[in-house]
Amino acid sequence: MSEFALILVSTVLVNNFVLVKFLGLCPFMGVSRKLETATGMALATTFVLTLSSVCSYLARTYLLEPLGLEYLSTLTFILVIAVVVQFTEMVVRKTSPLLHEVLGIFLPLITTNCAVLGVALLNVQQDHGFLASAFYGFGAAVGFSLVLILFAALRERINVADVPLPFRGGAIALVTAGLMSMAFMGFSGLVRG
Amino acid sequence: MSLPPHLHTPSSPHIHAPTSVARLMLTVVIALTPAAIAHVWYFGWGLPIQTLIALIFALGGEALMLRLRRRPLTPYLLDGSALVTAVLLAFSLPPYAPWWIAALGALFAIVVVKQLYGGLGYNPFNPAMAAYAMLLISFPQEMTTWALPKVIGGPDLDPLQALDLILFGHAPTTMDALSGATPLDLVKTQLAQDITLGETFSEYAHLFGDFSGRGIEWIGNWILLGGLFLLYKRAIAWQIPLAMLGSLFAIALVFYLADPDSYPSPLFHVFSGAALFGAFFIATDPVSAATTPKGRLIYGAGIGILTYVIRTWGGYPDGVAFAVLLMNMAAPTIDHYTRPRVFGHAPKD
């Protein structure tokens, strides 16, 4: 059990996917203008990331490895992620129109989130088992959600600040992301390896 | 109808309180003066020199940015905020660090962390702490070489020698022990080698005073006094220092009671490193802290807990700067979720 707790602490704080590994920056910059949309994106990503992490593990272990097709991993993972996203969208649309309204436009966007593919590939690289993959995906998603929501609230505040003209918008957001990343350096060393 | 006494409004003429940014900043500097004198007493002339270097570069950076933005120079340069940033930064630097450390830190604090966001009142991160974190990450060796306090054989330099050391790196030959690890650092490295706290304290008894490192704990007392002065002047909100020190004390107490051999006492944590300094002078920065009463409690408690976590399990000896930055980052979210009820409206379902 402590192994899974370590995976969670490691992925949420120490090796945060956005601020330490610099994965998933497009939604991080793109969907963080407002707190509400950021929250919606965070929820959707958490769901998809956990599910696709598990599915890509299954596809690799029970399909690619027995057939000796490991060189197709990247391709397969992209396919798996796209399928999971589409499937999630269809299920959500049929079962809960309210949730679909909240998550709706974000779901297709997740397909192109490099953090999702990153998690699937890192699972392979670090030899995670079934449960470890699930926790790794979930932890990565929680870490992503945490910084996305904090960043969105920060950006709402920066939007009303008297930022010098050349730095308005994306530039100051990137400076802020850099400072956040620096603050996250404080967690380094919490988990070895 | 009888109002509570503090709501009584006497008839005119009214005298308004002469509060201004410059006055508030001056209050902060006055509150830090006793601690600064104690710092000079224990660590020598490093602090005033570092402050001066930081101040020169802070004012220079601010003037440059204001010039580029075509803003008037005088009101912004004289509001004292650059002075406070310089003093806070100088306090967190090792007293005999080379001059470019303070210079680089001051420029980063003012130009990137403050002026890029539009200047005083807009910066989401505390400038002095962001600069400190940047310096610690970029120059770990220079930033962790602390001078020993004079009472236990640290360098006793006259001002000119100190200036020579900081500007040109010329260490006088008579100085045998220029520097050593801080108590926090020492305890951490010893614990990593499976040496219990009791053994560390008796082996290095000359380094430790009543609660924490000698000299450092006395500076801590004066900082506490300055902090109480700020509270008395209502320059800072009481929730933040209370929540921060309270949570640091509480979490340290739990671990100390569970295993006093590997976890230092709560008083050691409160009086070590930057805990008191951070609680009263850094975390209370009105711009980058949370602003709602309940939010301030959460914000302070978060800093206390993160400080303990980073100190105990993290890679850096002291965690106050990172804890403050991390909670700065969370402050807008905390404010968003702790908004007090607006009067005149029914509470939301």
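Note that the structure is a prediction, hence the values are computed from the model and not measured. Letters A, B, ... are given to chains in the order of the sequence lines, protein chains preceding strands, and every chain is numbered from 1.
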Please work out which of the three classes, parallel, tilted or perpendicular, describes the rings of A:F4 and A:F135, given edges at 30° and 60°.
-> parallel
Side chain, backbone, both or neither: which part of A:F151 has an atom under 4.5 Å from a heavy atom of chain B?
-> neither
Test salt bridge (Lys or Arg N to Asp or Glu O under 4.0 Å) on A:E65 and A:R60 and set out the steps.
-> CA-CA 6 Å; A:E65 276 174 8; A:R60 186 182 159 86; 3.2 Å; yes
Where is the tightest heavy-atom contact between B:K188 and B:Y316, given as atom of each residue plus distance?
-> NZ-O, 2.9 Å
Show the numbers, then the answer: is there a side-chain contact (heavy atoms from CB on, under 4.5 Å) between A:N113 and A:F17?
-> CA-CA 11 Å; A:N113 185 345; A:F17 265 70; over 6 Å; no
Identify which part of B:R71 has an atom lying under 4.5 Å from any heavy atom of chain A, answering side chain, backbone, both or neither.
-> side chain
Tell me, side chain or backbone of B:V324 under 4.5 Å from chain A's heavy atoms, or both, or neither?
-> neither
Kindly indicate, with the supporting measurements, whether the criterion side-chain contact (heavy atoms from CB on, under 4.5 Å) is fulfilled by B:L135 and B:F108.
-> CA-CA 9 Å; B:L135 291 170; B:F108 183 79; over 6 Å; no
Side chain from CB out, backbone as N, CA, C, O: work out which of these in A:I149 comes under 4.5 Å of a heavy atom of chain B, or both, or neither.
-> both
For B:L306, is it the side chain, the backbone, both, or neither that has a heavy atom closer than 4.5 Å to a heavy atom of chain A?
-> side chain
Give, as side chain, backbone, both or neither, the part of B:Y132 having an atom under 4.5 angstrom from any heavy atom of chain A.
-> neither
Given a strict heavy-atom distance threshold of 4.5 Å, which part of A:L165 is in contact with chain B: side chain, backbone, both, or neither?
-> neither
With a 4.5 angstrom heavy-atom cut-off, which part of A:V14 approaches chain B: side chain, backbone, both or neither?
-> neither
Residues of residues 109-118 of chain B contacting chain A, heavy-atom criterion under 4.5 Å, by residue number | B:V112, B:V113, B:Q115, B:L116, B:Y117, B:G118
Taking it one step at a time, do B:Y308 and B:F255 satisfy ring pair (Phe, Tyr, Trp, His ring centres under 6.0 Å)?
-> CA-CA 10 Å; B:Y308 189 82; B:F255 280 96; 5.7 Å; yes
Between A:T176 and A:R155, a side-chain donor and acceptor under 3.5 Å = no
Sort B:D335 into side chain, backbone, both or neither according to what part of it lies under 4.5 angstrom from a heavy atom of chain A.
-> side chain
Begin with the C-alpha distance, continue with both residues' side-chain angles, and end with the deciding distance and a verdict on side-chain contact (heavy atoms from CB on, under 4.5 Å) for A:V18 and A:L148.
-> CA-CA 9 Å; A:V18 180; A:L148 183 67; over 6 Å; no
Residue selection (most heavy-atom pairs with chain B, distance under 4.5 Å) from A:D162, A:V160, A:L179 | A:D162
Say whether A:N123 and A:S53, considering side chains only, have a donor N or O and an acceptor N or O under 3.5 Å apart.
-> yes
Positive for side-chain contact (heavy atoms from CB on, under 4.5 Å) with A:F144, one of A:V116, A:T45, A:V12 = A:T45
Distance (rounded to the nearest 0.5 Å) between B:M244 CE and B:I240 CD1 = 10.5 Å
When the 4.5 angstrom heavy-atom criterion is applied to B:M129 and chain A, the contacting part is neither
Within the side chain of B:S272, is there an N or O that forms a donor-acceptor pair under 3.5 Å with the backbone of B:H269?
-> no
Option in B:T333, B:N123, B:N328 with maximal non-hydrogen atom pairs under 4.5 Å from chain A | B:T333
